[in-house]
Amino acid sequence: MAEEDNSGVTEALPPPPPFPPDFSPAKAEPEPVKKKVLRVPMARHGLGSKGQKIPILTNHFKVNVSNVDGHFFHYSVALFYEDGRPVEGKGIGRKVLDRVHETYDTELAGKDFAYDGEKSLFTIGSLPRNKLEFTVVLEDVISNRNNGNNGNSSPGRHGSPNENDRKRLRRPYQSKSYKVEISFAAKIPMQAIANALRGQESENSQEALRVLDIILRQHAAKQGCLLVRQSFFHNDPKNFAEVGGGVLGCRGFHSSFRTTQSGLSLNIDVSTTMIIQPGPVVDFLIANQNAKDPFSLDWVKAKRTLKNLRVKTAPANQEFKITGLSEKSCREQTFTLKQRSKNEDGEVQTSEVTVYDYFVNHRNIDLRYSADLPCINVGKPKRPTYFPVELCSLVSLQRYTKALSTFQRSSLVEKSRQKPQERMQILSNALKTNNYDAEPLLRASGISISSNFTQVEGRVLPAPKLKAGNGDDLFSRNGRWNFNNKRFFDPAKVERWAVVNFSARCDIRGLVRDLTRIGEMKGISVEAPFEVFEESPQLRRAPPLVRVEKMFEEIQSKLPGAPKFLLCLLPERKNCDIYGPWKRKNLADYGIVTQCLAPGRVNDQYLTNLLLKINAKLGGLNSVLAVEHSPSIPMVSKVPTMILGMDVSHGSPGQSDVPSIAAVVSSRQWPSISRYRASVRTQSPKVEMIDNLFKKVSDTEDDGIMRELLLDFYVSSGKRKPEHIIIFRDGVSESQFNQVLNIELDQLIEACKFLDEKWSPKFVIIVAQKNHHTKFFQAGSPDNVPPGTIIDNKVCHPRNYDFYLCAHAGMIGTTRPTHYHVLLDEVGFSPDDLQDLVHNLSYVYQRSTTAISIVAPVSYAHLAATQVGQWMKFEDASETSSSHGGLTSAGPVTVPQLPRLQENVSSSMFFC
């Protein structure tokens, strides 16, 4: 190619260099592109058969689909104001589309539609045209929820405002008109549902099920329900329960369509959400701040709490959103009032009036207590609109999204649990009252829903045998056992230890005496403690970090070297703010094993349970499985096998900038499957995939989680590398299974290859889910299903390999089964062997003498993440407060790194 210079003259290029005489052209080999095959969850290959058969009912209701030849048509919806600005806010959409449906019935060919409240609308069969535009007018938006139920706020009472007042009130809120554009997006064959039931899932089948879910949501929205994802909540005070702090638990229902082996089913369950206590704003604030009257409220806090909540104002019963509070009190806050009379020049006269004066003298409304309190502002920043507090009532069914306190939580659990029979009754009634058969869209799609609980066949697996000390057998009955007259399997020694007391009231000598006595019975020798360190009384009010520091100074001054174990007495049971800093100091700074307790009702049972934890932390074992003792676990005892539990814990919903914490727990000392250690790291907030499994720092260095666990396994298992790695992953939803299989598994493989290029262990990946809505009941029995109940048919997935297991005895409420999904099995377990292994792993939890509801490694990962999360809570407040503005536009927040555990406790069960 010849180049032109600016003058447009082409300049000749120099001749090419000559070839060397012995040159033969080499063919350019294209780099072999590694085509990455995406892994997908494995298919089921057979059902288990072990165990005693048992008939079980489940809260899935059979759905018949008769119209398989039809199509759903998907349209996208765009809303605009008159002037062409797009409508940003949520919540107005349903009202606008209801109005479209009423006004333009003929243009829509009389069709009903399912609208998701945002940008999608679905019809059965197509609309007359691919693009439709409508204009609709909505009058004053007055609350549609419980409109006028609260008798005294109808406009007739309270000295109703005269006509002119009414006009002035209305002026900023006249009717608005909206433009609605509906345009064709896609066509979804209903046949896709039938395909999914045969195990052929597709984009279309997921969309088709989504349409059915949206029809149910819309059905609930029309009845004035609050919608939260797949759940809906009726505005009925019978369903409300106070949990303290002005927050109510509101009982409603979850409903979703699911494809199962026996066809399509509707899964309906009881669900609970938190709402703000409706009624007078002041009553809510008093409850929320635990104040004695309106005059002792903290209004700075109140302003934060109230922002964006919806109120109704008396006497006109209009609904507004709170935008803030007035700077001054009602008696002092002024605004510009337009007079009715005009002056000589025909201009409207204005005067400055106080809010109090306006409501009391102009509107003749009696104000009892608002005069000296701030006003509620419902206007725009530039144009405030004030109302006295006592004229404002919070509208019902507004979600409370902040984290609950421990007390609110326990109160919620207590008030929302139901016995199995009671739950079945509530669900049966819900199906009747929802009356889905009358829903025109469901009828048009040929869908009918049975009103009977689906019956499935469960199997009860026999409880595994356990071993205690001296080779004694431990027999479990109904998922529980005890150590009466038995010693621990492998008791540790409590030596070189001391007691630390943070101002708890307690007879410490008695406590040590009882602990020693019970320890002896369980085979643990407890030496006399070096010392009891009492906190000095003036430190009781100091910040937690200071109290912990001072206590350590005291310990260092009196003890010759670091103790091996510290028993720590805390002043309050729940949420003691010394806990986090104390654990961090011991484990990360000094490598000391520590056990905290809050001495309340300390009896022999309590101390036995405490010793279960102490023994596990000090490296002992309380009990083991008989099959582990005589190593005879299929596929696990013959070949070095490592078992992992993985979990990520996130900050509470309101906090966008608290790092998430990933914990991975791994088995050690193969062939044991009862001993574990943990590795914990922080990662970006709300990220579910663990991103530190393999972390290459340089060509020779990997600082990831897996490396330290693999090395520990190797060292503790007699220099053997694991040939099988079985992973239990908690807390991922079905939509993330492919990420676990492709992103996380790749990191695991890389970590192995980085240690040894030639080493390729076989992987098994099992996801464990607890937050799903499938429940099991025993027909005609008030009890929960027996521990060991397993279900792998009928309500399970049509193609994938999943099963439900209730390993534990449900003592209160209704048992929540764990849903296990086997995504990958390179080892080749038989269904019975794999289900047995999962069942066995529910019996190796060292903290209790019961089978637990999920495999122990997952439970340990939870504990490790939670405990280390407590360390973070009390980081130097000054650095965190500045960064707490959420994600700034400057880029992602840097995630603070956790300090690592000291070597001597890093492989201990510190999380027990």
Side-chain angles (χ1 to χ4, degrees), residues 54-63 213 216 228-233 239 249 251-273 412-432 434 449-461 478-479 733-734 767-797 802-821 838-839 842 851-854:
I54 173 179
I56 280 178
L57 296 175
T58 165
N59 59 342
H60 284 237
F61 299 87
K62 195 156 177 38
V63 176
D213 283 331
L216 293 195
V228 181
R229 293 195 218 66
Q230 299 277 10
S231 302
F232 51 91
F233 302 88
N239 299 338
R251 196 182 72 205
F253 298 97
H254 161 94
S255 73
S256 61
F257 286 96
R258 305 195 61 84
T259 49
T260 68
Q261 289 169 29
S262 56
L264 192 61
S265 70
L266 178 65
N267 175 209
I268 299 186
D269 193 19
V270 177
S271 100
T272 305
T273 192
L412 172 68
V413 169
E414 199 175 317
K415 291 181 172 162
S416 58
R417 58 177 172 232
Q418 295 140 343
K419 284 271 174 235
Q421 293 301 73
E422 186 189 348
R423 187 173 283 244
M424 284 181 80
Q425 194 55 57
I426 290 173
L427 293 177
S428 294
N429 295 345
L431 257 183
K432 289 195 190 75
N434 280 330
I449 299 167
S450 149
S451 56
N452 299 327
F453 286 73
T454 298
Q455 181 161 350
V456 298
E457 182 183 86
R459 292 171 290 118
V460 182
L461 299 178
N478 196 23
S733 61
E734 285 164 53
V767 169
Q769 288 176 336
K770 295 260 327 222
N771 48 356
H772 56 81
H773 286 278
T774 299
K775 299 282 192 303
F776 297 114
F777 306 91
Q778 287 197 70
S781 155
D783 296 329
N784 272 309
V785 295
T789 301
I790 197 160
I791 285 143
D792 60 2
N793 59 49
K794 259 198 167 165
V795 289
C796 292
H797 195 278
D802 64 333
F803 58 89
Y804 291 92
L805 171 65
C806 301
H808 66 301
M811 303 314 258
I812 40 185
T814 305
T815 305
R816 173 176 292 199
T818 299
H819 191 182
Y820 291 99
H821 303 258
V838 171
H839 187 222
S842 307
I852 57 170
S853 65
I854 198 163

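Hydrogens, waters and symmetry mates play no part in the numbers below; they use all other heavy atoms, side chains included.
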If you round to the nearest 0.5 Å, how far is [atom2] of [Y] from [atom1] of [X]?
X	Y	atom1	atom2	result
S416	N239	OG	CG	12.5 Å
H773	S231	NE2	OG	5.0 Å
D213	R258	CG	CZ	9.5 Å
S255	I268	OG	CD1	6.0 Å
I56	S781	CD1	OG	10.5 Å
L427	F777	CG	CZ	6.0 Å

[X] and [Y]: which non-hydrogen atoms are nearest, and at how many Å?
X	Y	value
V838	F803	CG2-CZ, 4.0 Å
P787	A807	CB-O, 3.2 Å
L431	S451	CD1-CA, 3.9 Å
M811	K419	O-NZ, 3.4 Å
L412	G249	CD1-CA, 4.2 Å

Walk me through it: do Q425 and Q418 pass the test side-chain contact (heavy atoms from CB on, under 4.5 Å)?
CA-CA 10 Å; Q425 194 55 57; Q418 295 140 343; over 6 Å; no
Salt bridge (Lys or Arg N to Asp or Glu O under 4.0 Å) partners for R423, two or more places apart:
D269
Begin with the C-alpha distance, continue with both residues' side-chain angles, and end with the deciding distance and a verdict on side-chain contact (heavy atoms from CB on, under 4.5 Å) for H839 and L461.
CA-CA 8 Å; H839 187 222; L461 299 178; 3.7 Å; yes
Short side-chain to backbone donor-acceptor contact, [X] and [Y], under 3.5 Å:
X	Y	answer
T818	S853	yes
D802	H797	yes
S450	N452	yes

Any side-chain heavy-atom pair from [X] and [Y] closer than 4.5 angstrom?
X	Y	answer
H821	E734	yes
Q230	L216	no
C796	T260	no
P55	Q455	yes
D783	Q778	yes
S262	K794	yes

Using the side chain to side chain contact (heavy atoms under 4.5 Å, CB included) criterion, which residues pair with [X]? Sequence neighbours excluded.
X	answer
V413	R417
T58	H60, T454, V456, T774, F776, V795
Q421	M424, P782
R816	K770, N771, K775

My understanding is that only residues two or more places apart in sequence, or in another chain, count here; which of them pass side chain to side chain donor-acceptor pair (under 3.5 Å) with E422?
none
For T815, all residues meeting side chain to side chain donor-acceptor pair (under 3.5 Å), sequence neighbours excluded:
N784
Partners passing ring-ring contact (aromatic ring centres under 6.0 Å, His included) against [X] (at least two apart in sequence or in another chain):
X	value
F232	none
F233	none
F257	none
H772	Y804, H819

Here the salt bridge (charged side-chain N to carboxylate O under 4.0 Å, His left out) pairs for residues 449-461, sequence neighbours left out, are R459-D792, R459-D832
